Protein chains: 2
Amino acid sequence: MAAMTTAAQRITTAELMEAVAGVSSAFWIDFAAAAARHGLSATQGKALGAVLEPVPMRALAERLGCDASNVTGIVDRLESLGLATREAAAADRRVKIVTITPTGAEVLQAIRDDMSRAHRALESLDGEQRAALLAMCAQLLPLLKGEPA
Amino acid sequence: MAAMTTAAQRITTAELMEAVAGVSSAFWIDFAAAAARHGLSATQGKALGAVLEPVPMRALAERLGCDASNVTGIVDRLESLGLATREAAAADRRVKIVTITPTGAEVLQAIRDDMSRAHRALESLDGEQRAALLAMCAQLLPLLKGEPA
DNA sequence: TATTGTTATACTCTATAACTATA
DNA sequence: TATAGTTATAGAGTATAACAATA
């Protein structure tokens, strides 16, 4: 057990980066394929998942990790597909709030249900592994987002 | 402890999907930002990481999760930047092998070193957590890629 | 003045379909 | 005939810079 711990501490950050990169890449490839089967691009699908709660355009850009100017076009397309709506905020009329439509929520759920590889992968985890994964993600996420802690 | 295990088993696949999606998204946003600081797009950076070993165009498309026709342009740009080379395979002259250049390897390393958020996140893990994360990724990756097991 | 969202621009990424060279 | 890579095309994503409306 002491030997195992010693060995574990030899795992470098570079190795972890590669492992996380592999999983992250495969996850998004699965997501993009599922979105495509439902007629959406990966970005459109990701945007849909980011507006389950109403969100200002600016905040949506932040969530997507892109410039605010892109969001105009992305939301234009979602709106023309009837998957999201956009309306001025009452408090500050410069701000526009994006909201998912019932149809949009259905499509998003269908995409998520259609991620067969991700489902197979995650359903292979037992209860302890699930708890460990969730705790790991909760620890990493704020740091990956650059939040204080 | 029995209570903890019971609680852990209540974690749904949907919750895990959201957690993994969040971490994956934040990881790639950090990667894209680091690549941009070195003058590359996210796709170019990802492609560079996929040709550390010489790889045929077709296999590169597979790794990037995109159509083979895209790879022509992606490698064109890497080649014009002096970061990768492309040459016909001796065994089958239809096949073209993409290889990273020494400069390309340097740029890739610089990008990885520049992922400050990912580094902070992963360096927050102790030895046991590192081993757990690596094992988790090793279990998930083949399933996410759709490999038999 | 500062901020939100939009537009204009140029470039990259993307899939589809048709093409070539090789097998 | 089948496969690897390319080209042509059209649409979508991307950052930059300049702009209008609102604060």
Side-chain angles (χ1 to χ4, degrees), chain A residues 25 28-51 54-81 83-99, chain B residues 25 28-51 54-81 83-99:
Chain A
S25 178
W28 284 116
I29 287 173
D30 191 39
F31 179 79
R37 276 177 232 122
H38 294 270
L40 296 187
S41 69
T43 299
Q44 287 167 345
K46 193 176 171 185
L48 219 44
V51 295
V55 163
M57 299 287 280
R58 209 88 193 174
L60 180 52
E62 183 73 20
R63 291 191 190 193
L64 296 178
C66 71
D67 190 85
S69 63
N70 301 326
V71 178
T72 299
I74 294 166
V75 173
D76 280 351
R77 287 164 214 123
L78 290 179
E79 210 169 17
S80 74
L81 291 168
L83 306 178
T85 59
R86 172 169 36 184
E87 56 186 18
D92 182 341
R93 289 195 327 219
R94 291 174 302 178
V95 175
K96 291 189 183 169
I97 308 289
V98 186
T99 308
Chain B
S25 177
W28 284 116
I29 288 173
D30 190 39
F31 179 78
R37 276 177 233 122
H38 293 270
L40 297 187
S41 70
T43 299
Q44 288 167 343
K46 192 176 170 185
L48 219 44
V51 295
V55 163
M57 299 287 280
R58 210 88 191 173
L60 180 52
E62 182 73 20
R63 292 191 190 193
L64 296 177
C66 71
D67 190 84
S69 63
N70 301 327
V71 179
T72 299
I74 294 167
V75 174
D76 279 351
R77 285 162 215 124
L78 290 180
E79 211 170 15
S80 75
L81 291 169
L83 305 179
T85 59
R86 173 169 37 184
E87 55 185 20
D92 183 340
R93 290 197 326 218
R94 293 175 302 180
V95 175
K96 292 188 183 170
I97 308 289
V98 186
T99 307

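A, B, ... follow the sequence lines: proteins, then strands. Residue 1 opens every chain. What you see is a predicted model; the values in this text were computed from it and never measured.
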[atom1] of [X] versus [atom2] of [N]: gap in Å, rounded?
| X | N | atom1 | atom2 | result |
| --- | --- | --- | --- | --- |
| A/Ile74 | C/dT6 | CD1 | P | 12 Å |
| B/Gln44 | C/dC11 | CD | C1' | 10 Å |
| A/Glu87 | C/dT4 | CD | C1' | 16 Å |
| B/Lys46 | D/dT14 | NZ | P | 14 Å |
| A/Leu40 | C/dA15 | CG | C1' | 15 Å |
| A/Ile29 | C/dA15 | CD1 | C1' | 15 Å |
| B/Glu62 | C/dT14 | CD | P | 14 Å |
| B/Arg77 | C/dA10 | CZ | P | 17 Å |

Would you say A/Leu78 and A/Val98 make side-chain contact, with heavy atoms under 4.5 Å? no

So do B/Leu40 and B/Leu81 actually touch side chain to side chain, heavy atoms under 4.5 Å? yes

Spacing of A/Leu48 atom CG and A/Lys46 atom NZ [to the nearest 0.5 Å]: 13.5 Å

How many angstroms lie between atom CG of A/Asp30 and atom OG of A/Ser25, to the nearest 0.5 angstrom? 11.0 Å

Below the 4.0 Å mark, does C/dG5 have OP1 or OP2 next to a side-chain nitrogen or oxygen of A/Arg93? no

Without swapping roles, check the side chain of B/Gln44 against the backbone of B/Arg77 for a donor-acceptor pair under 3.5 Å. no

Specify the residue among A/Leu64 and A/Ala90 whose closest nucleotide of DNA chain D lies further upstream toward the 5′ end. A/Leu64

Can you confirm whether A/Glu79 is buried at CD, in the sense that more than 12 heavy atoms of other residues, nucleotides or ligands lie under 6.0 Å from that atom? yes

Across nucleotides 2-11 of chain D, 5' to 3', mark each nucleotide with B, S or - according to how protein heavy atoms within less than 4.0 Å reach it. BBBBBB----

